[in-house]
Amino acid sequence: METIAIQDKKFRISIESGQIQTAISNIAEKMNNDLRDREIVFITVLNGAFMFATDLIRRIKHNVCISCVKLMSYEGIVSNGQVKQLIGLNEDLTGKTVVIIEDIIDSGNSIDFMLKFITTLKPDAIKIASLLFKPSKYKFNHKIDYVGFRIPDEFVVGFGLDYNGYGRNLENIYTLIES
Ligand code: IMP
Ligand code: MG
């Protein structure tokens, strides 16, 4: 089994890049059907969702606008549950279908904050796409429209996700080995 080390932690491979790419293709195919005839604005949540977003958006066959935002909320491996600020959104979203692209939805605090904020900008509809979803941690009822993988309550890195800033470049996803 492939294991890697990042700083003081060890991780084992849990989702291979081929599986990730297949999941992204499936999501893109669904979006290409669902979002036909809409004015689409993709909002990528940086930093974690950058890799998912580029692989997803390049498979979308409609005319789309793309924007990136940044939320500061997470340190180390424990969510502090406080989402402070959303930076970078200056699009006119009136009448648009917004698709929020997230790397992972854990407690749901970040997505809840974003939904509240984006709703005030009066889009027609808001869809959520997340590569990873931890259902056992999720505290909200907002529907996650597109999910790549449902995962247990474990800490993961790779494919955009980090541990203390490292691991985002890995093409596979790795799970923390508890020691
Ligand atoms: P939430 O607000 O609790 O849903 O957490 C969302 C954010 O926490 C994600 O966008 C990630 O940046 C970060 N996060 C949650 N779980 C993990 C993980 O297992 N690995 C790396 N980052 C994570
Ligand atoms: Mg994130």
Side-chain angles (χ1 to χ4, degrees), residues 1-17 19-20 23-24 27 41-57 66-89 98-120 126-179:
M1 184 184 46
E2 188 187 339
T3 61
I4 56 160
I6 301 177
Q7 294 181 331
D8 54 328
K9 304 283 184 209
K10 284 211 168 70
F11 296 82
R12 61 176 164 79
I13 190 164
S14 50
I15 311 175
E16 285 181 2
S17 70
Q19 296 173 269
I20 298 171
I24 297 174
I27 293 175
V41 181
F42 282 108
I43 298 183
T44 301
V45 187
L46 299 176
N47 294 323
F50 77 99
M51 233 185 240
F52 175 40
T54 52
D55 283 349
L56 175 64
I57 295 171
I66 297 168
S67 193
C68 295
V69 295
K70 201 158 183 177
L71 278 176
M72 307 307 293
S73 67
Y74 214 84
E75 301 217 336
I77 59 170
V78 180
S79 172
N80 62 18
Q82 290 181 339
V83 176
K84 294 184 194 78
Q85 214 191 339
L86 185 145
I87 312 161
L89 193 57
V98 169
V99 183
I100 301 173
I101 305 183
E102 262 287 18
D103 50 356
I104 187 163
I105 295 175
D106 184 309
S107 67
N109 285 322
S110 311
I111 202 71
D112 179 63
F113 175 88
M114 290 203 50
L115 284 171
K116 284 182 180 141
F117 185 85
I118 293 172
T119 300
T120 66
I126 306 175
K127 308 275 182 194
I128 303 169
S130 188
L131 179 64
L132 303 172
F133 177 43
K134 294 181 185 170
S136 64
K137 295 281 294 295
Y138 191 51
K139 300 188 297 189
F140 296 88
N141 291 317
H142 313 300
K143 183 180 175 210
I144 316 299
D145 303 273
Y146 305 95
V147 175
F149 301 91
R150 284 172 177 74
I151 62 166
D153 177 17
E154 293 171 335
F155 189 81
V156 292
V157 294
F159 205 79
L161 293 117
D162 72 302
Y163 168 57
N164 285 345
Y166 294 96
R168 297 191 193 278
N169 56 310
L170 299 165
E171 64 174 353
N172 306 308
I173 289 172
Y174 297 81
T175 300
L176 177 69
I177 301 170
E178 302 287 350
S179 50

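Atoms within each ligand, like the ligands themselves, are counted from 1 in listed order. For clarity, every value in this text was computed on a predicted model and none was experimentally measured. Numbers here are sequence positions counted from 1.
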Polar atom proximity, V156 to ligand 1 (N or O, under 3.5 Å): yes
Please identify which atoms of ligand 1 are closer than 4.0 Å to at least one heavy atom of [X].
X: E154; result: 19 (O)
X: E102; result: 10 (O)
X: S110; result: 1 (P), 2 (O), 5 (O), 6 (C)
X: D162; result: 21 (C)
X: N109; result: 2 (O), 4 (O)

Under-4.0 Å heavy-atom contact with ligand 1, by part of D106 that carries it: both
Qualifying residues under side-chain hydrogen bond (donor to acceptor under 3.5 Å, both in side chains), relative to E178, sequence neighbours excluded: none
Set of residues satisfying side-chain hydrogen bond (donor to acceptor under 3.5 Å, both in side chains) with respect to N141, sequence neighbours excluded: none
Short side-chain to backbone donor-acceptor contact, S14 and I173, under 3.5 Å: yes
E154 backbone acceptor or donor facing K134 side chain under 3.5 Å: yes
Contact check, side chains of M114 and V69, non-hydrogen atoms, under 4.5 Å: yes
Option passing side-chain contact (heavy atoms from CB on, under 4.5 Å) with I128 (candidates I144, V98, I101): I144
Heavy atom of G108, distance to ligand 1 below 4.0 Å: yes
Residue-ligand contact L176/ligand 1, heavy atom below 4.0 Å: no
CZ/R150: more than 12 non-hydrogen atoms of other groups inside 6.0 Å: no
